[in-house]
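Take a look at the structure set out below.
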Amino acid sequence: MVEVIKDKDTGKAIGVKVRDRLNTDGKEFDVYAKAIIFAGGPFTDELRQMEDPSSKPAVAAAAGTHIVLPSYYCPRGVGMLDINTSDGRFLFFLPWQGHTLIGTTDRKGPAVSTPGPPEEEIEWLLTECQKYLGKDVVVRRSDVQSAWQGFRPLASDPNAEPGAPVSRDHIISTNPVTGITFVTGGKWTTYREMAQDVLDKVVKNHGLVAEPCQTEKLCLRGGDGYDRNVPIKLVQKLGCTQEVAEHLSHTYGMYAFEVVKMANATTKSWPRYGNLLMEGFPYLESEVEFACKKEMVQTVKDMLTLRIPLAFLNSTAAEKAAPRVADIMAKSLGWSRAEKHRQLEEALQYLDEFGGPIPKQKQRSIKSLEDLFNAFDTDKSGYIEYEELKECLNYWGAPFKSEEEAQAAFKSMDKKKDNRISLGEFKRWWNDPKNRENRLKLDLSEKYRFSTDKLGKGASSRGAAFG
C-alpha cells in the first residue's frame with residue numbers, strides 16, 4: 001500500500017493505492033472496498049501515517065533475538081523456561097524442528113524488516129544458556145546454526161491517557177473520520193480471536209451483512225480427514241522415510257499425499273520416492289513444486305523462509321539450497337533465465353542477513369593471515385579442522401565445488417597428516433609458490449583484497465597482507 005484513497009466530499013476511505021512488488025516494473029493500481037482494515041503487525045503505524053500523518057502511535061515494537069543450536073543441546077520433548085536471567089529477561093530452551101531453539105531478548109525500538117540480529121544479543125543468549133549445561137560442555141559460537149530477530153507489536157491505545165501501559169493483548173480501533181479500522185498487538189496463538197474480533201466490529205460499524213463467525217469450527221487447510229496414522233500411511237503407500245512422513249503430515253495434513261505424489265523416484269531401494277532438497281533435513285524438492293502450483297509462492301526468498309523454514313534452522317544450508325530451489329521454481333513458474341537470476345540474487349542477499357556460525361563483523365575485521373586462520377578456527381582449538389574449513393568457506397562465499405576438491409585442499413595444508421591444520425602449516429601453504437594460482441587462495445585473496453606488493457621479503461615477510 002502506498003496511499004489511502006478517500007472520498008473528496010466525506011473524507012471516508014474508499015480504497016487504497018497499491019504497488020506490485022513482485023514484478024520489476026512496480027506497477028501501481030487502485031483497489032476499492034466497502035471497509036478497510038490495517039493489520040500490519042509492528043508496522044501498523046506506518047500504514048496509519050499514510051491514512052493520517054498526525055495520528056498518534058499505537059504500536060510499541062519490541063525486538064527479540066533467537067538462536068538455533070544443534071539438537072543435542074536439548075532433550076527431545078522437554079523444554080525449559082527461566083523467568084529470572086542475569087538481567088531479568090525471560091529465556092526459553094526448547095526442542096524445535098529437530099534442533100534447539102533459544103530465545104529471547106527484549107529490545108525496544110522501531111521495527112525493521114531485516115532478520116539480522118545484533119551480535120551482542122547472540123553472545124548474551126549463548127552466555128545465559130551455558131549456565132544450564134554441564135561444566136564440561138561448552139556452547140561454542142560456531143554452534144549457532146541460525147539466528148534472527150523478530151518484532152513483537154506491543155499495543156497501546158492512541159486514545160488512552162498519557163503514560164498508559166502497553167499491552168501484549170490486541171486492541172482494535174476505528175478512525176471516526178476515515179472509517180478505517182486497525183488491529184494490532186496480540187500473539188500468534190490468538191490470531192483467530194483477533195480476526196473474529198476485528199471482523200465482528202467492522203461488520204457492525206459498516207452495516208454489512210454476514211453470518212456469525214465460523215473460525216472455531218474451521219480446520220486448517222489439510223485438516224479434514226487427518227488422523228495420527230497419516231505418517232504411517234505415507235511410509236507404507238508412498239515409500240518415504242518416517243522423518244519425511246512426519247514432517248509432511250505435520251506441515252500439510254492430508255495434502256501431504258499430493259506432495260509425495262509429485263515427488264520423483266530416488267533410484268534407491270529406500271526411500272523409493274522423495275529427493276531431499278538438502279541432506280540432513282526432511283524437506284523434499286517436490287514441496288517447492290507443490291508450493292508453486294498449489295500455494296501461490298512467487299519468490300525463492302519466500303520459499304526458503306516462510307514455506308520451508310530452512311533459513312530459520314540453518315542459514316548456511318538455506319544458502320546452499322537456494323540455487324536448486326530457483327531451478328525448480330523457474331521450471332514450475334516459467335521464469336526466464338534473467339528472472340531466475342534476479343530471484344536467486346534477491347534470496348541470497350536476504351539469507352545473508354540471518355546469523356550463522358561466524359559473526360558478521362569477524363568477516364570484516366580480518367586484516368592479517370593470522371586473523372584469517374583464527375576466523376577459520378571456530379572452536380578456538382588452535383587448529384583448523386576439515387569441517388571448519390568447509391563451513392567457513394561456504395559461509396564466506398567461497399565454497400568448494402565438490403567434496404573431492406575440499407579433501408584435496410585440506411590434505412595440501414595438513415602436512416603432518418594429523419587431520420588438523422596448525423597456523424604454521426596454514427602459513428606455509430599460503431606462501432608456497434606452487435599455490436600461486438590455487439583457486440582457493442585466489443578467492444580468499446580477492447575477498448580480502450590481498451596485495452602481494454605489501455608482503456616484504458625474508459624474515460620481515462608477514463606472509464600476507466589484507467586491505
Side-chain angles (χ1 to χ4, degrees), residues 39 71 76-79 94-99 101 186-200 203 209-278 280-300 302-313 321 324-325 328-329 331-333:
S71 60
R76 188 172 183 178
V78 178
L94 301 171
W96 181 60
Q97 299 285 317
H99 297 71
L101 176 65
K187 303 177 181 179
W188 284 115
T189 51
T190 62
Y191 74 95
R192 290 198 188 214
E193 180 185 6
M194 293 171 66
Q196 178 174 342
D197 288 350
V198 72
L199 288 176
D200 285 348
V203 167
V209 178
E211 295 292 326
C213 183
Q214 302 294 312
T215 188
E216 288 188 10
K217 302 176 183 178
L218 293 177
C219 286
L220 291 173
R221 186 171 183 267
D224 290 330
Y226 181 85
D227 61 57
R228 66 178 62 185
N229 293 325
V230 167
I232 299 174
K233 296 174 185 176
L234 287 169
V235 173
Q236 292 181 337
K237 293 184 178 181
L238 300 171
C240 58
T241 66
Q242 181 177 346
E243 183 185 17
V244 168
E246 290 179 352
H247 152 64
L248 294 176
S249 62
H250 294 162
T251 303
Y252 301 96
M254 295 304 290
Y255 285 97
F257 293 95
E258 288 194 28
V259 175
V260 177
K261 285 179 182 178
M262 289 183 179
N264 295 323
T266 63
T267 69
K268 301 176 182 178
S269 59
W270 189 263
R272 298 193 304 274
Y273 292 92
N275 292 307
L276 295 177
L277 187 63
M278 176 62 57
F281 298 88
Y283 309 122
L284 301 182
E285 290 185 349
S286 57
E287 292 183 65
V288 181
E289 181 182 359
F290 179 83
C292 291
K293 296 180 177 179
K294 302 292 185 178
E295 296 184 335
M296 298 184 290
V297 68
Q298 295 292 306
T299 67
V300 176
D302 184 3
M303 192 70 231
L304 284 167
T305 53
L306 303 182
R307 311 308 177 101
I308 292 176
L310 192 53
F312 292 94
L313 296 174
R324 180 56 182 154
V325 170
I328 299 171
M329 293 186 68
K331 182 178 180 180
S332 299
L333 299 176

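The figures that follow rest on heavy atoms only: side chains count, while hydrogens, waters and symmetry mates do not. It should be emphasised that the depicted structure is a prediction, and the values quoted were computed from it without experimental measurement.
Side-chain contact check for Leu284 versus Leu276: some heavy-atom pair is nearer than 4.5 Å. Side-chain contact between Phe290 and Glu295 is present, with at least one heavy-atom pair separated by less than 4.5 Å.
Looking at every heavy atom in both residues, Arg192 comes nearest to Thr215 through NH1-O, 2.5 Å. The two residues Val297 and Cys292 come nearest to each other via the heavy atoms CG1-N, 3.4 Å. Taking every heavy atom of both residues into account, Glu285 and Ile328 meet most closely at CB-CD1, 3.7 Å. Considering every non-hydrogen atom in both Tyr191 and Leu220, the closest pair reads OH-CD2, 3.5 Å.
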For this session: Check the pair Leu313, Tyr283 against side chain to side chain contact (heavy atoms under 4.5 Å, CB included), reporting the backbone distance first and the verdict last.
Result: CA-CA 12 Å; Leu313 296 174; Tyr283 309 122; 3.1 Å; yes

Problem set entry | Test side chain to side chain contact (heavy atoms under 4.5 Å, CB included) applied to Val230 and Phe257, step by step | CA-CA 9 Å; Val230 167; Phe257 293 95; 4.0 Å; yes

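Residues forming a side-chain contact (heavy atoms from CB on, under 4.5 Å) with Asn264 (at least two apart in sequence, or on another chain): Asn275.
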Solution key, residues 244-254 side-chain donor-acceptor pairs under 3.5 Å, sequence neighbours excluded:
{"unit_1": "Glu246", "atom_1": "OE2", "unit_2": "Gln242", "atom_2": "NE2", "d": "3.1"}
{"unit_1": "His247", "atom_1": "ND1", "unit_2": "Thr251", "atom_2": "OG1", "d": "3.2"}
{"unit_1": "His247", "atom_1": "NE2", "unit_2": "Glu287", "atom_2": "OE1", "d": "3.0"}
{"unit_1": "His247", "atom_1": "NE2", "unit_2": "Glu287", "atom_2": "OE2", "d": "3.0"}
{"unit_1": "Ser249", "atom_1": "OG", "unit_2": "Ala245", "atom_2": "O", "d": "3.1"}
{"unit_1": "Ser249", "atom_1": "OG", "unit_2": "Glu246", "atom_2": "O", "d": "3.1"}
{"unit_1": "His250", "atom_1": "ND1", "unit_2": "Glu246", "atom_2": "O", "d": "3.2"}
{"unit_1": "Thr251", "atom_1": "OG1", "unit_2": "His247", "atom_2": "O", "d": "2.8"}
{"unit_1": "Tyr252", "atom_1": "OH", "unit_2": "Glu287", "atom_2": "OE1", "d": "2.7"}

Donor-acceptor pairs under 3.5 Å, side chain of residues 232-240 to any protein atom, not counting sequence neighbours: which ones?
{"unit_1": "Lys233", "atom_1": "NZ", "unit_2": "Asp227", "atom_2": "OD2", "d": "3.4"}

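We find the OH-OG1 distance between Tyr273 and Thr267 to be 11.5 Å, quoted to the nearest 0.5 Å. Here CH2 of Trp188 is found 9.5 Å from CE of Met194. Values are rounded to the nearest 0.5 Å. A distance of 6.0 Å separates CD in Glu216 from CD in Gln196, rounded to the nearest 0.5 Å. Glu193 CD to Cys213 SG: the interatomic distance, rounded to the nearest 0.5 Å, is 11.0 Å. Annotation: the span from Leu304 atom CG to Leu277 atom CG amounts to 7.0 Å, rounded to 0.5 Å.
Of the possible donor and acceptor atoms, one in the side chain of Thr266 sits under 3.5 Å from a partner among the backbone N and O of Pro271. Using modelled atom types, no side-chain atom of Ser332 and backbone atom of Glu289 make a donor-acceptor pair closer than 3.5 Å.
Other residues, nucleotides and ligands contribute over 12 non-hydrogen atoms within 6.0 Å of the CD atom of Gln214.
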